[in-house]
Amino acid sequence: MDYNTTQLLDEIRLLINKAALLWLTFIMSVSLLFTILCLYGVLPLTALWSLLWLIPIGIGLVFAVHFCHKKAKLLAKKQQISIMAYHAKHVIENLQQHFPDTYISDCRIKMRYLVKKGIDVDAALARLDDNVEQYNELVLSFLRESDKREDDLYDLMQADTLMQYGTKAHLLRVKANELGIINLTDTAFFHEIEAYAGGLDIVQDNWKKLSFELDETYDILSEYINSIGLKDNAVDKDGNCITFKKWGEQLQEAFHALETYDTKRAKTIFSELNKYQIDSDITNTLQNIITSIDDMMAV
């Protein structure tokens, strides 16, 4: 991607130089006239000392020209960044166009697997205004927190922390209900009620059932996520996931940073997004954007 603004910068510099030359010509003309008047006796020769004012004026003019050149370079660079942001944004949007329909349709097909496993996906989607991407984000969030959630519950299953156990069970019930996991929702609700009622023995006696359903849910949701593959989320080399929705939101944030000339933040976001291997064309485009930013800032 080549965004060359050398011609624009040269024209601005030429305009600055012409303006400076006009000022210099005017000053020299006035000084020459002043000198001629002194030589012909119209003005006393001592008046020539007043021409010393040309020295600070000349120095000031040199600094002014240098300052304006720096400003022109900065403006040209900003213009270059703005043009690059505009074109790059359209390139990325064109490359992204084929993702949403395929992504949504594939998810809906794969979601039938969840239904067969007793998960009420339709009810969950109804609560989310049929937003498939949001449902998948909730699934990913649930999977990331599963191990810690189960460990926390087990650690809190004590007489002096039973109320905290009830709070954790309540959060689990809410998360499970969001995803339409009926059995786990009911079991978590049972543990929540018994914990608040002080039924430690009952909670302990039913722990295996809750633990089993948590593990079973994890396996089911993991199978669903794996079945979607890259059409569910992008994965970097460290195994970190990001949904297309979140990836797109961060991409727009990067373009906004470019449009406001915050190249440092834009480059940081682009570099992070480029870790996720979504599509080879997009990866190459992002790398070209990063290279272009480096080239511009080095000028």
Side-chain angles (χ1 to χ4, degrees), residues 103 106-236 238-243 245-246:
Y103 167 71
D106 280 2
C107 286
R108 290 193 179 280
I109 294 172
K110 301 294 175 57
M111 279 178 177
R112 294 303 96 190
Y113 165 79
L114 298 179
V115 175
K116 290 180 181 179
K117 294 296 182 177
I119 297 178
D120 193 350
V121 174
D122 295 331
L125 286 176
R127 289 190 292 270
L128 297 173
D129 295 326
D130 209 36
N131 191 326
V132 173
E133 286 184 320
Q134 187 175 353
Y135 182 86
N136 287 332
E137 287 183 3
L138 291 174
V139 171
L140 289 172
S141 176
F142 188 92
L143 289 174
R144 284 193 295 267
E145 299 169 3
S146 286
D147 289 340
K148 185 177 185 303
R149 183 183 291 114
E150 186 169 355
D151 290 341
D152 288 346
L153 282 168
Y154 186 80
D155 292 340
L156 292 171
M157 196 167 46
Q158 307 293 333
D160 58 340
T161 56
L162 203 54
M163 292 300 290
Q164 293 173 264
Y165 180 93
T167 301
K168 287 287 185 180
H170 170 76
L171 292 175
L172 173 59
R173 173 170 68 87
V174 171
K175 295 292 184 182
N177 186 58
E178 284 179 337
L179 296 173
I181 310 169
I182 301 171
N183 291 340
L184 184 57
T185 300
D186 293 341
T187 303
F189 181 63
F190 174 82
H191 277 252
E192 176 188 355
I193 295 299
E194 291 300 330
Y196 287 149
L200 177 60
D201 292 339
I202 298 176
V203 169
Q204 290 176 335
D205 291 341
N206 288 274
W207 169 253
K208 286 186 178 180
K209 183 175 186 298
L210 178 60
S211 178
F212 173 79
E213 291 185 4
L214 269 170
D215 293 341
E216 185 180 44
T217 299
Y218 181 88
D219 291 340
I220 293 171
L221 294 180
S222 295
E223 185 68 26
Y224 163 67
I225 288 298
N226 291 334
S227 71
I228 298 173
L230 290 179
K231 288 185 171 59
D232 159 69
N233 58 83
V235 183
D236 66 11
D238 297 322
N240 299 314
C241 298
I242 186 172
T243 63
K245 181 180 180 182
K246 181 64 68 176

- Query: Of all heavy-atom pairs between G180 and A124, which one has the smallest distance, and what is that distance?
  - Reply: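 So the two residues come closest at N-CB, 3.9 Å.
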- Message: Give me the atom names and distance for the closest heavy-atom approach of K168 to L156.
- Response: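 Closest pair (atom of K168, atom of L156, distance): CG-CD1, 3.5 Å.
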Nearest-0.5 Å distance that lies between atom [atom1] in [X] and atom [atom2] in [Y]:
| X | Y | atom1 | atom2 | value |
| --- | --- | --- | --- | --- |
| I181 | T187 | CD1 | OG1 | 11.0 Å |
| Q164 | L153 | CD | CG | 11.5 Å |
| E150 | L172 | CD | CG | 9.5 Å |
| Q204 | Q158 | CD | CD | 7.0 Å |
| S227 | L114 | OG | CG | 8.0 Å |
| D215 | D219 | CG | CG | 7.0 Å |

Compare all side-chain heavy atoms of [X] with those of [Y] and state whether any distance is below 4.5 angstrom.
| X | Y | value |
| --- | --- | --- |
| T217 | F142 | yes |
| Y165 | L200 | no |
| N136 | M111 | yes |
| L140 | R144 | yes |
| L179 | L221 | yes |
| R149 | K175 | yes |
| T167 | Y196 | yes |
| D130 | Y135 | no |

- Count the heavy atoms belonging to other residues, nucleotides or ligands that lie under 6.0 Å from OH of Y113, then report whether that count exceeds 12.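 Enclosed.
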- Query: Run the side chain to side chain contact (heavy atoms under 4.5 Å, CB included) check on N177 and F189 step by step: do they pass?
  - Reply: CA-CA 10 Å; N177 186 58; F189 181 63; over 6 Å; no
- Quick one: does Y218's side chain have a donor or acceptor within less than 3.5 Å of a partner on L143's backbone?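 Not a single qualifying donor-acceptor pair exists.
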- Without swapping roles, check the side chain of S141 against the backbone of L138 for a donor-acceptor pair under 3.5 Å.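 No.
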- Check the angle between the aromatic planes of H191 and W207 and answer parallel, tilted or perpendicular using the 30° and 60° thresholds.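 H191 and W207: perpendicular rings.
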